[in-house]
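Heads up, the thing below is written out as structure tokens.
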Amino acid sequence: MKITFISDTHTMHNELNGQLPGGDLLIHSGDIMNSGYKKQEIHDFCKWFEAQDYTHKIFIAGNHDRMFEDHPLESNTIVNNYDVTYLQDDEDIIDGVKIYGSPWQPWFYDWAFNLPKGGPGLYSKWEAIPKDTDILVTHGPPQDHLDVSGPPGNEPHLGCAMLRVKVDAQPPKIHVFGHIHGSYGCKFHNGTHFFNASVLNERYVQVNEPMTVNWDPETNKITFI
């Protein structure tokens with residue numbers, strides 16, 4: 001399965017034109033908008049997302065995508081006009097691969113999809129992740145996995161401790177996220193391939209490339225393209 005991971009485009013998705021090679025699945029792990037209040041930004045993103053040369057296109061919301069939390073009916077009505085899939089605490093199955101998406105993160109400057117750090121709300125969101133999830137898509141990272149903002153040592157790890165406990169106990173094959181722009185990259189731990197797919201840096205300049213891999217769902221082996 002040929003998959004491309006992207007995240008945190010913040011209305012700058014057109015800058016990725018020519019950088020997406022096409023394939024089976026394109027995943028965007030949130031922050032398609034800026035302030036999150038302009039519905040036209042959802043239209044613009046979905047029109048662009050639909051046009052990409054992938055058989056399946058899946059995205060979740062992030063902390064900048066306020067309309068998806070504040071006006072879910074209107075936001076979903078817009079998305080339903082396009083041949084793309086939006087996941088919010090639910091799943092999609094593609095060729096037997098179970099993909100689960102959730103936008104929530106520990107409180108972060110009172111943006112969208114924030115829940116109290118370490119509280120029962122976050123616990124319930126992560127407990128809802130099915131045990132047989134193959135690809136987990138969240139907006140924020142789990143603690144200690146690609147979750148440091150800026151150069152190492154400048155800020156503490158910003159990932160969710162509860163999410164870390166969940167993925168340690170119930171490892172998906174792939175876990176893709178964004179949110180912490182300064183920790184773009186990938187790593188392998190405890191049977192899971194982790195991807196921070198933020199394409200913008202902390203100054204909202206596109207410096208990171210989309211990550212495209214060939215992935216074998218049976219062996220969990222990936223090869224970068």
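Position 1 is the first residue of the sequence, and the numbers go up from there.
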Is it true that [X] and [Y] fall in one hydrophobic cluster, defined by side-chain heavy atoms closer than 4.5 Å?
X	Y	result
Ile3	Tyr184	yes
Tyr86	Val97	no
Leu158	Phe194	no
Ile27	Trp48	no
Leu146	Val199	yes

Under 3.5 Å, side chain of [X] to main-chain N/O of [Y], donor-acceptor pair present?
X	Y	result
Asp65	Asn63	no
Asp83	Glu50	no
Ser149	Ile180	no
Asp147	Asp144	yes
Ser198	Leu200	no
Asn220	Gly191	yes
Glu74	Pro72	no
Thr192	Pro172	yes
Asn17	Glu15	no

Distance (rounded to the nearest 0.5 Å) between [X] [atom1] and [Y] [atom2]:
X	Y	atom1	atom2	value
His13	Ile32	NE2	CD1	8.5 Å
Ile42	Lys47	CD1	NZ	15.5 Å
Arg66	Asn34	CZ	CG	11.5 Å
Phe49	Thr9	CZ	OG1	9.0 Å
Ile78	Glu41	CD1	CD	10.5 Å
Leu25	Ile135	CG	CD1	6.0 Å

Aromatic ring proximity, centroids under 6.0 angstrom, Tyr204 and His10: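 Centroid distance His10-Tyr204: below 6.0 Å, so yes.
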Aromatic contact, His145 with Phe177 (centres under 6.0 Å):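 They do not qualify: ring centres at least 6.0 Å apart.
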Would a 4.5 Å heavy-atom cut-off, applied to side chains only, mark [X] and [Y] as touching?
X	Y	value
Lys2	Tyr54	no
Trp215	Met1	yes
Thr85	His56	no
Cys46	Asn81	no
Asp53	Leu20	no
Cys186	Phe195	yes
Tyr82	Lys57	no
Ile94	Ile58	yes

Search all heavy atoms of [X] against all heavy atoms of [Y] and return the closest pair with its distance.
X	Y	value
Ala112	Gly62	CB-O, 3.9 Å
Gly178	Pro141	O-CD, 3.8 Å
Thr138	Ser29	O-CB, 3.6 Å
Pro103	Ala61	CB-O, 3.2 Å
Pro130	Glu91	CG-OE1, 3.5 Å
Ser35	Trp111	O-CZ3, 4.3 Å

Given Phe113, Phe108, Trp104, the one that forms ring pair (Phe, Tyr, Trp, His ring centres under 6.0 Å) with His179: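 Looking at Phe113, Phe108, Trp104, the match for His179 under the ring pair (Phe, Tyr, Trp, His ring centres under 6.0 Å) is Phe108.
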The single option from Phe59, Phe5, Phe45 passing ring pair (Phe, Tyr, Trp, His ring centres under 6.0 Å) against His28: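 Testing His28 for a ring pair (Phe, Tyr, Trp, His ring centres under 6.0 Å) against Phe59, Phe5, Phe45 leaves exactly one candidate, Phe45.
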Enclosure of [X] [atom1] (heavy-atom neighbours >12, cutoff 6.0 Å):
X	atom1	value
Glu209	CD	no
Glu218	CD	no
Lys187	NZ	yes
Asp132	CG	yes
Leu73	CG	no
Tyr123	OH	no

Leu87 and Asp90: CA distance, side-chain angles, deciding distance, side chain to side chain contact (heavy atoms under 4.5 Å, CB included) verdict: CA-CA 6 Å; Leu87 297 180; Asp90 56 5; 3.3 Å; yes
Residues Asp134, Lys173: salt bridge by 4.0 Å N-O rule: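 Between Lys173 and Asp134 there is a salt bridge, with a charged N closer than 4.0 Å to a carboxylate O.
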Ser102 versus Asp89, side-chain donor and acceptor atoms under 3.5 Å: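 Their side chains do contain a donor-acceptor pair, which is all the 3.5 Å distance test asks for.
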